[in-house]
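Just so we're clear, the structure is a prediction, and the values are computed from it rather than from any experiment.
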Amino acid sequence: MAITELISGSVINAISVLYQTSTDPRDFQINQTKPEFEGDYTVVVFALVKKLRKSPDGLAGELGKYLTTSQSELFSAYNVIKGFLNLTIADAYWTSLLSEQYHNPIYGRGQTKNQKVMVEYSSPNTNKPLHLGHLRNNFLGWSCAEILKAAGYEVVKTCIANDRGIHICKSMVAWKKYAHGATPESTGLKGDHLVGDYYVKFGEVYKQEVAELVAEGKSTEQAEKEAPIMLEAQQMLVDWEAGKPDVIALWEKMNAWVYEGFEQTYKLIGSNFDKTYYESQTYLLGKDLVEEGLAKGVFFQKDDGSVWIDLTEDGLDQKIVRRRDGTSVYITQDIGLAELKYNEYHCKQSIYVVGDEQNYHFKVLKLICQKLGLPGADGMHHLSYGMVELPTGRMKTREGTVVDADDMVLEMIDMAEQKTRELGKVDGFTEAELVDLYQTLGLGALKFFLLRVDPKKRMIFNPEESIDLHGFTATFIQYVHARIKSILRKEGKVDRATLAEGITNLPVAATPLLTSIPVLYKLEKDLLIALEQYPGIIETAAVTHDPSLVAGYAFRLGQTFNSFYAEHSIAGAETPEKKLLRLAISEMTSHVLKSSMGLLGIRVPERM
RNA sequence: GGCUCGGUAGCUCAGCUGGAUAGAGCAUCAGCCUUCUAAGCUGAGGGUCAUUGGUUCGAAUCCAAUCCGAGUCACCA
């Protein structure tokens, strides 16, 4: 049980004994004590004062006295300042946590929740390569899935490939007209980039055609509708839906190129899925549900035959679910897919990692699913994240202002290599180890950069300023890990029995020289306090779907270790017992750093 | 215009279920490598928490209004 829960339980018990009153854990707060005060955790009692008719100081004092006398094995001291009850947790609590867990590489994982969760992320369009925004999406989704797993959920990672539609036809038309049969092989281009180039080409030609029509005296609106290349794309979509063999063949050929390219990128960034859905196979889903909804009275039909849902009572607008021509719209597919997903996996929760521009869409989608009574509807959750923007504004494929994912990753790896060479600490590395290190550092820096901020906040990326390798970065944390591993290699791992014995001998003061050595120095205890919080961090990050909590935690832990490292010698500790203690703290820290970074998809090196 | 989200140090961000003197990193300045990795450590300066009012023992945090920015409100996806 977490220390804060222990404290909370003790406080509730104390109040019931002292004042014969029952309290709710929400009636008071437990915070970590601020560094300028004495103590480890602080009970904030103000909210109880009125109910118990006590002064803050009086109540805090009585609680402190009771806790330290009735549970002296847990609470070793207390003080009261301005109504805050500062408690010192007994050293034995921290040292026993250490001896139980320091060797446990999976410390922090939660008990199984016996619950399935689906996480959908990435959702690329097959008409262009992935860009920086997709990376944020992928990293977020992948990391959330891992965090949920660590918290004890069973997770299904899914992806929906948006592989059909007018935008796909645009790159197909342009390729057909202007590529002269160019292939990834003939050009040496990655398939997704090749296809993306023709999507851009389409935009250029279209723009030019529109300009020409306008020059001939047509209105812009009219010109946009009549541009020949657009008409061609629309015709191609019709042909695709009709299953015209040459169109289907072209579509299959170009999509295969794109998937090949995506596969390389996913492999490079370490992304993977348990199941991929294809829009081309799911876009007709949901039609039955429209009929069902009409029968149930959830939907209504307008005079022109189109079908709608009225969400005005929920504070939203009316939303169309079937066009007057009988075809379904985007949201209808999503309703159908939601049903399909539930029928296939029966997940209690279904998380959609999609940009915040679709907030409204997902609000509507969930509402409709609920009104239709779909079994998974209440578990639907939109993990909405902010767009990655450039200083000049949003990235636009057509304007060539996108930061390409492959370029970005390779640039980061190059930067890691350059920096590593400058520092010259890698004597004795094989060529393969070096390549691996550069990738670990470069990719780590990029992932951390995108995951360290609150997902829902939009972020601005300035390509002029390279991503930092100092401070609040993956590199910093990776460095801490490499430092610890270096020590552990030299000093050897701590044997459990030896450690247990060492810890029991810690309070010794056996020789006069040692009397001034406390069981735990401030920084030693700070590390143990931080390590104790790890399971709680995983749990909170899982519930809130927020990897940035894990990133912040790993950084704080690394910071604390570096301060400890600078202040206290591990190999040259004052006593053999202290050395054992510090080695064990170091080992446990290395495990937690590796594990927490692992939840972000970031590896940590043994040496760097 | 309706709805939603955001505005905290020069920059990038924590803190937001109300709690002690608002914290990190970057940048700036000053120190620290004769034994565990200086990709590090220690310290300094830097704030009208957008504005105004309210709620109360206490507000960056909650409420209201205003200003600024973004998104969305398609028979597009």
message = Taking B/A44 as the reference, what is the distance to B/U4 when you measure between their P atoms (whole Å, please)?
response = 44 Å
ask   = According to a strict under-4.0 Å criterion, is A/S563 in side-chain N/O contact with OP1 or OP2 of B/C41?
value = no
key: Touch class at under 4.0 angstrom, heavy-atom based, for A/T327 against every strand present   = nothing
message = Roughly how many Å apart are B/G19 and B/A30, using the P atom of each and rounding to a whole number?
response = 38 Å
inquiry  = Rounded to whole Å, how long is the line connecting atom CG of A/L85 with atom P of B/G19?
reply    = 17 Å
ask   = Angle class for the A/Y206/A/F202 ring planes (parallel below 30°, perpendicular above 60°, tilted otherwise)?
value = parallel
task = Go through the side-chain N and O atoms of A/T126 and A/N255 and say whether any donor and acceptor fall under 3.5 Å apart.
result = yes
task = Taking only the side-chain nitrogens and oxygens of A/K457, find out if one of them lies under 4.0 Å from OP1 or OP2 of B/G6.
result = no
key: Interatomic distance where CG belongs to A/D454 and P belongs to B/C13 [whole Å]   = 11 Å
Spacing of A/Q32 atom CD and A/Q533 atom CD [to the nearest 0.5 Å] = 4.5 Å
RNA chain B: 5'-proximal contact among A/D546 and A/Q32 (nearest heavy atom) = A/D546
message = Between A/K522 and A/E567, does any side-chain N to carboxylate O distance fall below 4.0 Å?
response = no
ask   = Is RNA chain B part of any stem, that is, at least 3 consecutive Watson-Crick or G-U pairs with both distances under 3.5 Å, and where?
value = B:1-7 with B:67-73, B:10-13 with B:23-26, B:28-32 with B:40-44, B:50-54 with B:62-66
key: Sugar-phosphate only, base, or nothing, as touched by A/A571 at under 4.0 Å among non-hydrogen atoms   = base
ask   = When rounded to the nearest 0.5 angstrom, what distance separates CG in A/D40 from CD1 in A/I529?
value = 4.0 Å
ask   = Rounded to the Å, how far apart are A/F472 CZ and B/A27 P?
value = 16 Å
task = Classify the nucleic acid contact of A/T420 as base, sugar-phosphate or nothing, counting any heavy atom under 4.0 Å across all strands shown.
result = base
query = Taking atom P in both B/G23 and B/C16, what distance in whole Å separates the two?
reply = 14 Å
Rounded interatomic separation in angstrom, taking CG from A/N562 and P from B/C33 = 18 Å
ask   = OP1 or OP2 of B/C36 sitting under 4.0 Å from any side-chain N/O of A/R582?
value = no
query = Parallel, tilted or perpendicular: which describes the rings of A/Y283 and A/W240, with under 30° parallel and over 60° perpendicular?
reply = tilted
remark   = Here the gap from A/L557 atom CG to A/D526 atom CG, rounded to the nearest 0.5 Å, amounts to 11.0 Å
inquiry  = What is the distance, to the nearest angstrom, from the CG atom on A/L469 to the P atom on B/G40?
reply    = 9 Å
task = Using a 4.0 Å heavy-atom cut-off across all strands, classify A/Y479 as base, sugar-phosphate, or nothing.
result = base
key: A/R452 vs A/E606, nearer the 5' end of RNA chain B by closest nucleotide   = A/R452
A/Q222, CD: over 12 other non-hydrogen atoms inside 6.0 angstrom = yes
inquiry  = Just to be sure I understand the rule, does A/Y565 reach a base, reach only the sugar-phosphate, or reach nothing, if contact means heavy atoms closer than 4.0 Å?
reply    = base
message = Under 4.0 Å, heavy atoms only, any strand: does A/N127 hit a base, just the sugar-phosphate, or nothing?
response = nothing
query = Short question: side chain of A/H382, backbone of A/K363 - any donor-acceptor pair under 3.5 Å?
reply = no
ask   = Does a distance-only test, which skips hydrogens and angles, find a donor-acceptor pair under 3.5 Å between the side chain of A/S548 and the base of B/A14?
value = no
message = Counting only side-chain nitrogens and oxygens, does A/K82 get under 4.0 Å of the OP1 or OP2 atom of B/U21?
response = yes
task = Report the relative orientation of the aromatic rings in A/F472 and A/F555; use parallel for angles under 30°, tilted for 30 to 60°, perpendicular for over 60°.
result = tilted
message = Just so I know, are the side chains of A/M172 and A/E232 near enough to count as touching, which here means a heavy-atom distance under 4.5 Å?
response = no
ask   = With a 4.5 Å heavy-atom cut-off, do A/S8 and A/T4 have their side chains touching?
value = no
message = Taking NZ in A/K287 as the centre, count heavy atoms belonging to other residues, nucleotides or ligands within less than 6.0 Å. Is the count above 12?
response = yes
ask   = Expressed as a whole number of Å, how far does the C1' atom of B/C63 sit from that of B/G18?
value = 13 Å
task = Between B/U55 and B/C29, how far apart are the P atoms? Round to whole Å, please.
result = 48 Å
ask   = Taking atom P of B/U12 as reference, at what distance in whole Å does atom NE2 of A/H470 sit?
value = 20 Å
message = I want to check one thing: is the phosphate of B/G25, taken as OP1 and OP2, less than 4.0 Å away from some side-chain N or O of A/Q559?
response = yes
task = Could you work out the separation of B/G46 and B/G10 based on their P atoms and round it to a whole Å?
result = 11 Å
key: Interatomic distance at C1', B/A27 relative to B/U72, whole Å   = 37 Å
ask   = Parallel, tilted or perpendicular for A/F84 and A/F46, by the 30°/60° rule?
value = perpendicular
key: Short side-chain donor-acceptor distance under 3.5 Å, A/H361 and A/D334   = yes
note = Its glycosidic angle compared against 90° from 0, B/C16 adopts the form anti
ask   = In whole angstroms, how far is the C1' atom of B/C26 from the CZ atom of A/F449?
value = 11 Å
inquiry  = Rounded to whole Å, please give me the gap between CZ in A/F564 and C1' in B/U37.
reply    = 15 Å
remark   = Contact string for nucleotides 68-77 of chain B, one letter per nucleotide 5' to 3', B = base within protein heavy-atom range under 4.0 Å, S = sugar-phosphate only, - = neither, reads -S-SSS-BSB
ask   = Contact class for A/M387 (heavy atom, under 4.0 Å): base, sugar-phosphate, or nothing?
value = nothing
key: Whole-angstrom distance between B/C68 and B/A60, as gauged at atom P   = 25 Å
inquiry  = Output one letter per nucleotide in nucleotides 54-61 of chain B: B when a protein non-hydrogen atom lies under 4.0 Å from the base, S when only the sugar-phosphate is that close, - when neither is.
reply    = ---S----
